[in-house]
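The structure appears right after this line, and notes come after that.
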Amino acid sequence: MPEGHSVHRIARQIAQNFVGRPVSASSPQGRFAEGAALIDGREAIESRAVGKQMFVAFDGDLWLRVHLGLYGAWDFSGEIVSDPTIAASNGRMGQTNQRGTPEEAILDAAGENSLTSIGAPRRARGRVRMSEQTTDINETDDLSQWPPPVRGQVRLRLLTERTCADLRGPTACVIQTPDEVAQSLAKLGPDPLVDNARDGEERFVARVRRTVTPIGLLLMDQSVVSGIGNVYRAELLFRARLNPHTPGREVSEETVREIWRDWSRLLLIGVETGQMMTRDGLTAKERRTAMARREHRHWVYGRAGLPCRVCGTSVVMEEAAGRKLYWCPSCQA
DNA sequence: CATCGATGTTGAG
DNA sequence: TCAACCTCGATGG
């Protein structure tokens, strides 16, 4: 259920906790037994996300490609070290609160200090789910057992001496050669967190402005731009005050560039906070409400029939290519 | 307890 | 265009 921001967070979590270590791989459910056997015991070399796809390299030129699809999820348990760029950037974002950021909670739960201190690393007692924009600690879990007992359908379990990652319900989970990875990457449009800002923007602009396909469909096309899903699509279009049905070639170049830059901005915020926060101009109080409750985070997504937050017109919902598209017919005329 | 729907993609027809 | 994939939180009885 993730859009691009979640996948980047997961890739970083894998990088932080698995890269540089030998990894035991298994498929408790059995549906990925062959693939798991191929990487079992190998050292993880690299972990990266491009759009909604994640690639993890293992020693011996074997790559794991995972796509979570609609309801895939990774559960991390054990000793979990947060990505320092995420933790550090939270301060910059000014979104700490009394109980601490999710990342700080992870550090606490995982006993992160012990990793860098002299004492023996102590077994963690944290558990996090990384599926969508939530990163929750379940402190009621009994983690006295190691490795943790398998619960439910686990397609792939990655395990080090200290950290466990369980993958459930992915659309794609395959082992690839470097050539196959290159082919997968070649199908993907630019990702603001992967591609050079200028190159990415130019590719996006060129692609959008040469087609009559409606911009509302183009933003969902992963070969046009990577990582945008149904929520970010609706919100980017509203933020640009753009009618979703506008053919790509009829969107002004300035507006196309504005959308790319806005996506870059929203993606960065999503990676840092773990939430799809697409509203701005909020007071401190409104921001706290929005951080706590999803329905307050968006301009139009999920608000069919409710008044537009800007003009009061009823937000419209229509089906487009099998997905629900929300927009304000007045603001986005 | 049953049912529904979801932040997604693929492939059949 | 639509079903299938295969998971789980939210909702209703």
Side-chain angles (χ1 to χ4, degrees), chain A residues 1-11 27-32 49-55 65-75 127-136 138 141 150-157 165-174 176 180 183-185 187-189 191 213-214 216-239 244 263 266-267 269-271 273-279 290 292-305 317-327:
Chain A
M1 297 151 62
E3 298 194 23
H5 69 301
S6 308
V7 184
H8 279 284
R9 285 171 66 87
I10 292 163
S27 179
Q29 169 203 59
R31 292 190 52 188
F32 190 57
V50 179
K52 301 171 191 172
Q53 307 262 2
M54 184 174 75
F55 301 87
R65 179 174 67 88
V66 171
H67 191 296
L68 293 178
L70 188 54
Y71 39 66
W74 283 94
D75 287 321
R127 194 179 128 72
V128 289
R129 156 146 291 209
M130 298 197 67
S131 51
E132 35 157 348
Q133 68 267 50
T134 57
T135 304
D136 296 322
N138 183 346
D141 272 16
V150 174
R151 296 196 328 298
Q153 299 282 97
V154 175
R155 181 81 59 88
L156 171 64
R157 164 168 281 195
D166 285 341
L167 171 65
R168 302 162 201 279
T171 278
C173 174
V174 294
Q176 293 187 314
E180 291 169 331
Q183 287 172 37
S184 296
L185 291 173
K187 295 174 187 166
L188 299 173
D191 175 330
T213 303
L217 292 179
L218 290 172
L219 293 186
M220 292 282 277
D221 183 340
Q222 302 301 301
S223 72
V224 173
V225 53
S226 281
I228 296 175
N230 209 20
V231 176
Y232 280 130
R233 165 184 60 175
E235 296 295 293
L236 285 164
L237 289 169
F238 180 86
R239 289 163 63 94
W263 169 227
L266 292 183
L267 177 59
I269 292 170
V271 170
T273 66
Q275 296 185 337
M276 286 190 278
M277 167 56 76
T278 56
R279 291 179 70 194
R293 304 185 59 175
R294 182 187 310 182
E295 63 265 32
H296 292 268
R297 288 174 204 157
H298 312 310
W299 289 108
V300 291
Y301 178 80
R303 291 179 53 77
M317 188 279 283
E318 62 187 77
E319 294 269 342
R323 309 301 302 278
K324 288 180 174 178
L325 168 60
Y326 302 87
W327 59 293

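So you know, we letter chains A, B, ... as the sequences are listed, proteins then strands, and number each from 1.
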Exercise for the section: May I ask you to say what Arg233(A) touches in the nucleic acid, namely base, sugar-phosphate or nothing, with a heavy-atom cut-off under 4.0 Å? Expected result: nothing

Exercise for the section: Using whole Å, report how far CD of Gln153(A) lies from P of dC8(C). Expected result: 9 Å

Practice task
Round to a whole Å and report the spacing from CE of Met276(A) to C1' of dA6(B).
Solution key: 10 Å

Handout entry: Value in whole Å for how far the P atom of dG11(B) lies from NE2 of His67(A)
Key = 13 Å

Problem - Heavy-atom pair of closest approach, residues Lys324(A) and Arg233(A) - result: O-NH2, 3.5 Å

Exercise for the section: Would you mind telling me which of dT9(B), dA6(B), dC8(C) lies closest to the side-chain atoms of Leu70(A)? Expected result: dA6(B)

Handout entry: Shortest non-hydrogen contact between Trp263(A) and Leu236(A), atoms and distance
Key = N-CD2, 3.7 Å

Exercise for the section: Pick base, sugar-phosphate or nothing for Tyr301(A), based on heavy-atom distances below 4.0 Å to the nucleic acid. Expected result: sugar-phosphate

Fill in the blank from the handout: Testing dA6(B), dT7(C), dG8(B) for proximity to the side chain of Arg168(A), the answer is dT7(C)

Handout entry: Value in whole Å for how far the P atom of dG5(B) lies from CE of Met317(A)
Key = 10 Å

Handout entry: Mutual orientation of the aromatic rings belonging to His5(A) and Tyr232(A) [parallel < 30°, tilted 30-60°, perpendicular > 60°]
Key = perpendicular

Problem - Heavy-atom closest pair, residues Gln222(A) and Ile228(A) - result: NE2-O, 2.9 Å

Handout entry: Length of the line joining Leu68(A):CG and dC8(C):P, which is rounded to integer Å
Key = 13 Å

Exercise for the section: Mind calculating the distance between CD (Glu319(A)) and P (dG5(B)) to the nearest angstrom? Expected result: 11 Å

Handout entry: Whole-Å gap separating P (dT7(C)) and CH2 (Trp74(A))
Key = 14 Å

Exercise for the section: Provide, to the nearest angstrom, the distance between the CD atom belonging to Gln222(A) and the P atom belonging to dT10(B). Expected result: 9 Å

Practice task
For Gln29(A), answer base if it contacts any base atom (sugar-phosphate contacts may also be present), sugar-phosphate if it contacts only those atoms, and nothing otherwise; contact means non-hydrogen atoms under 4.0 Å.
Solution key: sugar-phosphate

